[in-house]
Amino acid sequence: MSTNEQNGAGEKQVSGHYPVIIIGGGQAGLSMSYCLKERGVEHLIFEKNRLGESWRSNRWDSFCLVTPNWQCQLPGFPYSGNDPDGFMKKDAIVAYIEAYAQSFQPPIQEGVTVTRLAQDEAGRFVVATSTGDYLADQVVVATGGYQVPTVPRIAERLSLSISQLLSSDYKGPELIGDGEVLVVGSGQSGCQIAEDLHIAGRRVHLCVGGAPRTARRYRGKDVVAWLHEMGYYDKPIHEHPLKERVRAKANHYVTGRDGGRDIDLRKLATEGMLLYGRLKDINGSWLRFADDLKQNLDQADAVAESIKTTIDKFIDSRCIEAPKEERYRPVWEPSDPVLELDCAPANIKTIIWSVGYGTDYRWIEVPIFDGKGYPAHQRGVTTAPGLYFLGLPWQYTWGSGRFSGVARDATFLADYIEARRDVPTPESARLLNELALGS
Ligand SMILES: Cc1cc2nc3c(=O)[nH]c(=O)nc-3n(C[C@H](O)[C@H](O)[C@H](O)COP(=O)(O)OP(=O)(O)OC[C@H]3O[C@@H](n4cnc5c(N)ncnc54)[C@H](O)[C@@H]3O)c2cc1C
């Protein structure tokens, strides 16, 4: 590391020059660090808050994993607790990440925000941070695939008398003021937050969108365990029928709460939760919904049942002994759907937005983005030699943005980074990059 080099513009002293800088100290950044350390590649991680910050600050109090504990397979640190089929709660997840860091002592600087990433004329990366400028030969962006909760601009038309909250700011029912609550979005977070409020005895209204669902268990096992046995989690994105479009798909809703169970919105409706179709428009305290509640519930169930059919076929083809199980029968049907609602007489005083997440890469000034602002890459390798991403949803497989698949991607990138570090000239490094992108 040297401290007397200058950044690309030749104006400012740099605080350090590293072979590799990793941006983000969540599970992806730590996994990358572990794999580089194993290979003896010098590096530094910048984390703007604390390591594992998203799990600490952006989840609600009763949060627990949706994926079983045995899927926590960080490189060199697989889950070793006594409840592999259970679902860790928020504090246990944070403890798992802290223990991971403890196990290999990554070189991390917490409380340091990367404010700008650019390249100088020599192709080196200029990493501007809240504590100074650094140079890096290679950079891994591991800032998470679920960075900024999306809020549609119709939210601006909501009456000021109604509080608005992002799903990442929701902590628990006791912190929501009095009155009824409307949750917009029925993906994993929306359904779980609606259920959390419902269990606490709050009157909940839920706008149901097109997210699919899955059963928690089927024929004697967790559905995740069946899919694992069937090799689904090893399937690379180019073998998925939707190819790269799968990255934009909502996750299936199901929960790990109380040891894991289904989320059946129809059942919640029989218990008093009020369901609507997709939220279409807002005018003051008036909300308008699409007439698609039945279609969305039917479609979510159809996906859950089609997963069961795939499992049945697998069981038959392998002559596996597994108990037979009745298929799902809808316990409630929407009749006379509500298409308009005035929040005032309905006493709805809070709206929680849970319609998905976006990313904010405005601080990256390297031309690697596609027309939608998504970083173009092959297995995390971008078109800018030496710049990588890790932890993106479906970066390579289903588990890329999760605990289960990040190890495979980090290992791949670490091998790649090590090979590139050892190539003799910038030209051969460029060729290596082209080879990777063509693969
Ligand atoms: C609600 C929700 C539930 C989930 N449930 C599961 C589950 O059950 N099982 C599962 O396997 N996965 C789950 N995931 C997916 C995934 O495991 C998490 O999103 C996880 O946090 C991803 O880890 P990461 O390291 O890629 O990103 P993050 O954990 O988001 O880490 C990124 C880090 O980068 C830092 N950072 C960002 N920008 C900068 C910057 N400019 N400079 C410095 N640092 C920066 C952030 O502070 C953060 O700590 C869930 C995700 C969400 C949103």
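Please read all numbers here as calculations on a predicted model, not as lab measurements. Position 1 is the first residue of the sequence, and the numbers go up from there. As the structure lists them, so they are numbered: ligands from 1, and atoms in each ligand from 1.
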Just to confirm my output: which protein heavy-atom neighbour is closest to [atom], and how far is it?
| atom | value |
| --- | --- |
| atom 30 (O) of ligand 1 | Ser54 OG, 2.6 Å |
| atom 27 (O) of ligand 1 | Gly144 CA, 3.2 Å |
| atom 47 (O) of ligand 1 | Glu47 OE2, 2.6 Å |
| atom 34 (O) of ligand 1 | Gly24 CA, 3.2 Å |
| atom 19 (O) of ligand 1 | Tyr146 CD1, 3.4 Å |
| atom 8 (O) of ligand 1 | Val66 N, 2.7 Å |
| atom 9 (N) of ligand 1 | Thr67 OG1, 2.7 Å |
| atom 39 (C) of ligand 1 | Thr143 CG2, 3.7 Å |

Does [X] reach the main-chain N or O of [Y] with its side chain, forming a donor-acceptor pair under 3.5 Å?
| X | Y | answer |
| --- | --- | --- |
| Asn251 | Gln188 | no |
| Ser186 | Gly209 | yes |
| Tyr18 | Ile22 | no |
| Ser354 | Ser167 | no |
| Thr350 | Val181 | no |

Heavy-atom contact under 4.0 Å between Val112 and ligand 1?
-> yes
Could you tell me if any non-hydrogen atom of Tyr357 lies under 4.0 Å from any atom of ligand 1?
->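 Heavy atoms of Tyr357 do come under 4.0 Å of ligand 1.
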What atoms of ligand 1 come closer than 4.0 angstrom to any heavy atom of [X]?
| X | result |
| --- | --- |
| Asn49 | 47 (O) |
| Phe63 | 3 (C), 4 (C), 5 (N) |
| Ser189 | 1 (C) |
| Glu53 | 49 (O) |
| Thr113 | 42 (N) |
| Phe46 | 43 (C), 44 (N) |
| Arg402 | 10 (C), 11 (O), 12 (N), 17 (O) |

For ligand 1, does [X] get within less than 4.0 Å through its side chain, its backbone, both, or neither, judged by non-hydrogen atoms?
| X | answer |
| --- | --- |
| Arg59 | side chain |
| Trp55 | side chain |
| Ala142 | backbone |
| Thr129 | neither |

Does the pair [X]/[Y] count as a salt bridge with the N-to-O cut at 4.0 Å?
| X | Y | answer |
| --- | --- | --- |
| Glu98 | Arg50 | no |
| Lys372 | Asp370 | no |
| Asp258 | Arg216 | no |
| Arg116 | Asp133 | no |

Would a 4.5 Å heavy-atom cut-off, applied to side chains only, mark Arg217 and Asp262 as touching?
->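 SC-SC contact between Arg217 and Asp262 ruled out.
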Does any non-hydrogen side-chain atom of Ser400 lie less than 4.5 Å from one of Trp394?
-> no
For [X] and [Y], which I'm curious about, is there any donor-acceptor pair between the side chains at under 3.5 Å?
| X | Y | answer |
| --- | --- | --- |
| Thr129 | Thr131 | yes |
| Tyr170 | Asp196 | yes |
| Glu325 | Tyr218 | no |

From Ile21 atom CD1 to Gln109 atom CD, the distance as rounded to the nearest 0.5 Å | 9.0 Å
Which option out of Gly256, Gly145, Gly26, Ser404 puts a heavy atom nearest to atom 31 (O) of ligand 1?
->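 When every heavy atom of Gly256, Gly145, Gly26, Ser404 is considered, Gly26 comes closest to atom 31 (O) of ligand 1.
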Proximal candidate to atom 15 (C) of ligand 1 [heavy atom criterion; set Gly399, Gly25, Gly405, Gly401] | Gly401
Under 3.5 Å between any N/O of [X] and any N/O of ligand 1: does that happen in this structure?
| X | value |
| --- | --- |
| Trp363 | no |
| Gln188 | no |
| Gln27 | yes |
| Lys48 | yes |
| Leu65 | no |
| Phe403 | yes |

Minimum heavy-atom distance Cys207-Val184, with the two atoms named | CB-CA, 4.1 Å
Hey, can you tell me if Trp226 and Phe314 have their rings parallel, tilted or perpendicular (30° and 60° cut-offs)?
->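 Trp226 and Phe314: perpendicular rings.
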